[in-house]
Amino acid sequence: MAPRGKEGGERNRSARTAARPGPAWRAHRRRREARRTGAAAMLRRGGRCAAALLLRRAASGGGQSQGQHPGQGQGSARPQPLEPSLLRFLVCPLSKRPLRYEEATNELINEELGIAYPIIDGIPNMVPEAARTTQKKPPAEGSKQP
Amino acid sequence: MAAAGLCPCRALLTGRGGALRALCGSVRGLAAGPETHFGFQTVTEAERREKIYQVFESVAKKYDVMNDSMTLGIHRVWKDILMHKMNPSPGTLLLDVAGGTGDIAFRFINYVRSARERQLQRKLKNHQNLSWQEISESYQEDKFKLLGDSQVVVCDINKEMLKVGKQKAQHLGYSEGLSWVLGNAEELPFDDDKFDVYTIAFGIRNVTRIDLALEEAYRVLKPGGRFLCLEFSHVSNPLLSRLYDLYSFQVIPVLGEVIAGDWKSYQYLVESIRRFPPQEELKAMIEDAGFLKVDYQNLNSGIVAIHSGFKL
């Protein structure tokens, strides 16, 4: 009895809310309008260029909001170059020779062995396993390179 | 196929002597390296390095909390005692190896900062009859040298620990005179004769080749430089030893599971403490690396010991 009554009440309620514009109905109307003016709708109407423009705008907008987060992480590495004081101390752990700081790739390069140590988040990664070979010269110690 | 052959080898290894070990070592693979210990297990060097890396990777975020709960906050006192023993003056260059979360580095900066302030105050007291010009000049030049050219480089092999340390530094406001490097204690990326003090607090236990780490420490220190090692050691008092064992094996792994969600890492921790050489043996190893006037100080009757040596 009670459940049936509840269902009936719910049906009545939905009928009642359909008469008066409630929040659900407003959302539904918004969705309908979006569908009408969305990219798919534009395509349907034949404006392929306009649709492409919309999609690109959406991508750049989404990309911007996404780009902020990795951008913040990368931005902290880019304007955070290696402290010059640290550069005084650092040498290659393998050959104990001085390194050259490469700003473009943010790496510390050992010319003799032809290897480069990355700098991640402002922390130089001075483990031989992390070093990559630079293309110019063949590595002297092939076994130690990753 | 190879694994099936390995399992009986491993069983033999844990029991038998050197000859069998060598045989199985050659069967196993030459690149993995000689056998060593990981807690109470026997593993190859490469495996041990990998396992220790994983241990600290997983505990990094809860490292400080666990330290406080396991030692009931006493680790802070131990580190303070180490700092007082070091007694750094402004202008000291410190290399803190395995100093992941930066405890020693921050204490160093605080100590040097207050030493510097006292230095400046003393200078001002002595300069009573200065003209206004001289006073303003002295203020200007001292403002930029709050630390007095002291610097600390924190070196750790684990990226997660360094990340936690860097965040802590930002949070607590330490920026000047502090640098972070990812490096291996057995192969330090630093030039010879560079640092005034080398510390390794609760880290040398996790190094696979302690002799290499000690040699590297000797290399990077300036002549007259000091080597300081703070580490868990062996308790001589039998009653305390039994209580300590009980606490280590029954309480600490449980705390590890409850707080950090990692029983195995803390089981490794207490086992590695038992496997670590005792005070006298470590003193001999430090002397072998070339350090002179090597001595140790027991804290809490041997639970922790500070070993000190000089490069002369």
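Within every chain, numbering begins at 1; the chains are lettered A, B, ... in the order of the sequence lines, protein sequences first and strands thereafter.
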Please look at B/Val181 and chain A and tell me whether the side chain, the backbone, both or neither of the residue comes under 4.5 angstrom of a heavy atom of that chain.
both
Side chains of B/Tyr198 and B/Asp96: any donor to acceptor distance under 3.5 Å?
no
Interchain contact, B/Leu93 with chain A, by part (heavy-atom threshold 4.5 Å):
side chain
Between B/Leu162, B/Leu95, B/Leu188, B/Val220, which shows the greatest number of heavy-atom pairs under 4.5 Å with chain A?
B/Leu188
So how far is it from B/Lys85 NZ to B/Leu230 CG, rounded to the nearest 0.5 Å?
10.5 Å
What residues form a salt bridge (charged side-chain N to carboxylate O under 4.0 Å, His left out) with B/Asp191, not counting sequence neighbours?
none
Check ion pair B/Arg48-B/Glu35 (N to O, under 4.0 angstrom):
no
Relative to chain B, which segment of A/Arg88 carries a heavy atom at a distance below 4.5 Å: side chain, backbone, both, or neither?
both
